[in-house]
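Data block below; observations after.
Throughout, protein chains are lettered first and strands after them, A, B, ... in sequence-line order, and every chain is numbered starting at 1. The analysis underlying the following values was restricted to heavy atoms, covering all of them including side chains, and did not include hydrogens, waters or symmetry mates.
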Number of protein chains: 4
Amino acid sequence: MQEGAQVVVEVQGAMSPQQLIGTLVKAGELTDPASPRGRLLNAAARLFEQKGFSRTTVRDLAAEVGILSGSIFHHFSSKEQILCEVMKEVTIFASARMRSAVEQAASPQERLRACIQSELEAIHERAVPGFSILVMEWRSLSDKSQKEVLLLRDEYEQIWLDAINSARCPGGDATVVRRLMVGALSHTYSWFKARENGLTIPELADRAYQIFAPKS
Amino acid sequence: MQEGAQVVVEVQGAMSPQQLIGTLVKAGELTDPASPRGRLLNAAARLFEQKGFSRTTVRDLAAEVGILSGSIFHHFSSKEQILCEVMKEVTIFASARMRSAVEQAASPQERLRACIQSELEAIHERAVPGFSILVMEWRSLSDKSQKEVLLLRDEYEQIWLDAINSARCPGGDATVVRRLMVGALSHTYSWFKARENGLTIPELADRAYQIFAPKS
Amino acid sequence: MQEGAQVVVEVQGAMSPQQLIGTLVKAGELTDPASPRGRLLNAAARLFEQKGFSRTTVRDLAAEVGILSGSIFHHFSSKEQILCEVMKEVTIFASARMRSAVEQAASPQERLRACIQSELEAIHERAVPGFSILVMEWRSLSDKSQKEVLLLRDEYEQIWLDAINSARCPGGDATVVRRLMVGALSHTYSWFKARENGLTIPELADRAYQIFAPKS
Amino acid sequence: MQEGAQVVVEVQGAMSPQQLIGTLVKAGELTDPASPRGRLLNAAARLFEQKGFSRTTVRDLAAEVGILSGSIFHHFSSKEQILCEVMKEVTIFASARMRSAVEQAASPQERLRACIQSELEAIHERAVPGFSILVMEWRSLSDKSQKEVLLLRDEYEQIWLDAINSARCPGGDATVVRRLMVGALSHTYSWFKARENGLTIPELADRAYQIFAPKS
DNA sequence: GATGAATGAGCTTTCATTCAT
DNA sequence: CATGAATGAAAGCTCATTCAT
């Protein structure tokens, strides 16, 4: 099933976020967003991103999906577990999305460009919201949960490191460059609003690429 | 390029953080860090940075300076006001620090380099902790407080925009570049530890400079 | 004159306080006193009357009905809302009670007499305690809550004004007379104890009637 | 000195409130309203009347007279003692005022009329505010303080009982009549505003007199 | 006498979590 | 599975009172 999923992902690089989610759901890697659990995770992602983890109450969450707060604990054992699951699903989705984007890129430069745009899309798309949570709410996670997420996260980061290395970006070793980049990109959540800034996501990706790309 | 950086560091040594604070205190722009209010603000900056605003209780804060929780409200009218005051003082200090660093830089490139290093020092120095709070806890501030801080913040950002513009950085208009930079630099708080990464702040500033500086 | 009073008492006996409450509960106008919310409201009425609103803590209230203080906020959003709800329910109950008493009175004089006795019973009966709160704790209510209660209160006061007008009481316009009466009657809560004063409520109502009734 | 005071009071029946206060201050029966203690008592009377005892903080009180809250305790040992002293001074002032008013009345009816007007003036005059506190905040007083005030109060009430008895008011024994009256009159504080109701204090006294006076 | 800092008990309220129905 | 009532710990905050200066 894992393999099946990867095959599908590879073949359909031009899939819409909705299609990609559908594929990953069928592969058992993501929770069905139509299920109670899935609706809860989506609502959580949205609220944690908007208001922050600790300013979001389980009552807010329950209200958002139209149940009572007590019922949440039939699906998750704690509020923190919800955060953890959100982060895992977001990571899985972002990984799949980025892998498919990178695979379609021809040159190292294009690969880097694809990574940047893919991450920005993950941050700002409505499809599976919550990417900025990975950065902003990292400290809200227990050590145990952090480890769980890091396991999935490593895979995602490896794609980045490869892209940065092969594109020969300035700024020294790829780890440091990537860390500066993750800060820059995730912070866009706080200020970039597609409608207001007169800037589209691809345009924003261009700007970031101009900065981080190798000097020609 | 490394040399340019080192020059800045030496020159800037003209006034230590402690001295600068002393000057600002005498000018009535900062609270005396030895006063009860000042000790509270410093402790708040430290704790808000370490644990986050909402995970820090007023009891934590009180314990940190050796008083009882009720006594805090002699000096501040609410927990949120403490955050606001911390942000204002941090901004004032960071502005003064950066202005003096920029003034001693000879070229546009050196000015940009000075800005980067100055902000990194603000983030990681112990002198006036709390710079990363400005980014990380922005949403914990009420609209009213945000406006108060923004008034001071504008001044600080203007120095940056001037530096970015005159250095002719890539990435389009200076506002967007600065926003990407803010994210990149403030996020270093989460991962950069001078002792562990085998990287000093000037070295880290160099890396960032290599990325954001104009392509030669 | 004593006889007139006794007739009213006998006739009014047609419905006991308990029965009237039952009817109002079924009609959805009062909270069921057996429900958690109803038990809380009754306890609040008792305590606010005995100790005053601000000297009654939500912990007192919770202890009185055998729950913990936090649980109160499942039923009410604030302590002040409890006061508001108590006042509304007391007003509704007192209105219904007085209306039925007045309807059974034959003459204008008997109607006034019935009003006086009905209000005294509302003040001193155990059935729905809390009438004196309406006067004594009025200032503890926010402006918004005051308006809510006044809406219900107007109806109650209209019955009084009609009775005063048709009985041709001395003392000028009915509004002023009623206000003097409200003060006189509600203050009895502070000094009248049926067992101690050697005076029953109907007897006390007689005394008040002798004072406020038209001079023959 | 006690005698001297009484002589003065007798002789100058037409004294203004200010003059009467001056006399009582000289006789050592009231605190000089210009002294810090006196200003505190006046402010307390005003605030307790406006907002209620428990809703008035010692900080409010201090702010009202322009000192800091800690300084209050150089003049009074507790907040409750302030209330007690206010009540005592108000009682002394109201007694002196009513005694002089009653002495100038020719008939029993006029004496009753004088009592009513005198009490209304005590309630609504600005000179020594706080009469309504005697009724409204009685429960805020400790048992010990209640006894102290009652000692002075008895004298005041005796004047009333004599007036009621000699005027042959309806409503049974004078104690009950007086109690109904004190409720009616003190409650006027809550609704009577000289400027708004189109009713002066003497006119209001007339209305009350028409109600409580003997039926002709 | 006043100040300002601190106390400490107690307040109302919040909230993740539990559990009988 | 969902409900709704309750829990209980802990939160932010209030306030009368104390006391060294």
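- Taken residue by residue, residues 136-146 of chain B places no heavy atom nearer than 4.0 Å to DNA chain F.
- One atom, NZ of Lys51(D), and another, C1' of dT14(F), lie 13 Å apart when rounded to the nearest Å.
- Separating the CD1 atom of Ile72(C) from the P atom of dA6(F) is a distance of 10 Å, rounded to the nearest angstrom.
- With sequence neighbours excluded, the residues satisfying salt bridge (charged side-chain N to carboxylate O under 4.0 Å, His left out) with Asp60(D) are Lys51(D).
- Evaluation of the side chain to side chain donor-acceptor pair (under 3.5 Å) rule for Ser142(A) yields Glu80(A), Ser145(A) as partners, not counting sequence neighbours.
- Listed by first then second residue, pairs satisfying salt bridge (Lys or Arg N to Asp or Glu O under 4.0 Å) with a partner in residues 33-45 of chain A read Arg37(A)-Glu85(A), not counting sequence neighbours.
- Qualifying salt bridge (charged side-chain N to carboxylate O under 4.0 Å, His left out) partners for Arg139(C), counting only residues two or more places apart in sequence or in other chains: Glu137(D).
- Not counting sequence neighbours, the partners of Ile67(A) by the side chain to side chain contact (heavy atoms under 4.5 Å, CB included) test are Leu40(A), Ala62(A), Val65(A), Ser71(A), Ile72(A).
- Protein atom CD1 of Ile67(D) is 14 Å distant from nucleotide atom C1' of dA16(F), rounded to whole Å.
- Listed by chain and residue number, Trp138(C), Arg153(C) satisfy the side chain to side chain contact (heavy atoms under 4.5 Å, CB included) test with Leu150(C) (two or more places apart in sequence, or in another chain).
- The distance from atom CG of Leu47(D) to atom P of dC15(F) is 13 Å, rounded to the nearest whole Å.
- Rounded to an integer number of Å, the gap from Asp60(D) CG to dT14(F) P is 12 Å.
- When rounded to the nearest whole Å, the span between CD of Glu64(B) and P of dA6(E) equals 15 Å.
- Residues satisfying the salt bridge (charged side-chain N to carboxylate O under 4.0 Å, His left out) criterion with Lys144(B), sequence neighbours excluded, are Glu148(B).
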| field | Canonical and wobble pairing (Watson-Crick, G-U, under 3.5 Å) of DNA chain E, dot-bracket with | | value | .||||||||||||||||||||
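- As a whole-Å value, the separation of Leu61(C) CG from dT13(E) C1' is 14 Å.
- Between Arg39(B) and Gly66(D), it is Gly66(D) whose nearest contact on DNA chain E lies nearer the 5' terminus.
- Contacts classified as ring pair (Phe, Tyr, Trp, His ring centres under 6.0 Å) and involving residues 67-91 of chain C (residues at least two apart or in different chains) are not found.
- Note that CG of Leu83(A) is 5.0 Å distant from CZ of Phe53(A), once rounded to the nearest 0.5 Å.
- Residue Leu68(A) is in base contact, counting any heavy-atom pair closer than 4.0 Å across all strands shown.
- Atom CE of residue Met136(B) and atom OH of residue Tyr189(B) lie 8.0 Å apart, to the nearest 0.5 angstrom.
- Going from atom CZ of Phe76(C) over to atom P of dA5(F) covers 11 Å, rounded to whole Å.
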Any N/O pairs under 3.5 Å between the protein and nucleotides 14-17 of chain E? List them or say none.
{"unit_1": "dA16(E)", "atom_1": "OP1", "unit_2": "Lys79(A)", "atom_2": "NZ", "d": "3.1"}
{"unit_1": "dA16(E)", "atom_1": "OP2", "unit_2": "Val58(A)", "atom_2": "N", "d": "2.7"}
{"unit_1": "dT17(E)", "atom_1": "OP2", "unit_2": "Lys79(A)", "atom_2": "N", "d": "2.7"}

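- Under the side chain to side chain donor-acceptor pair (under 3.5 Å) criterion, Ser35(B) pairs with no residue, sequence neighbours left out.
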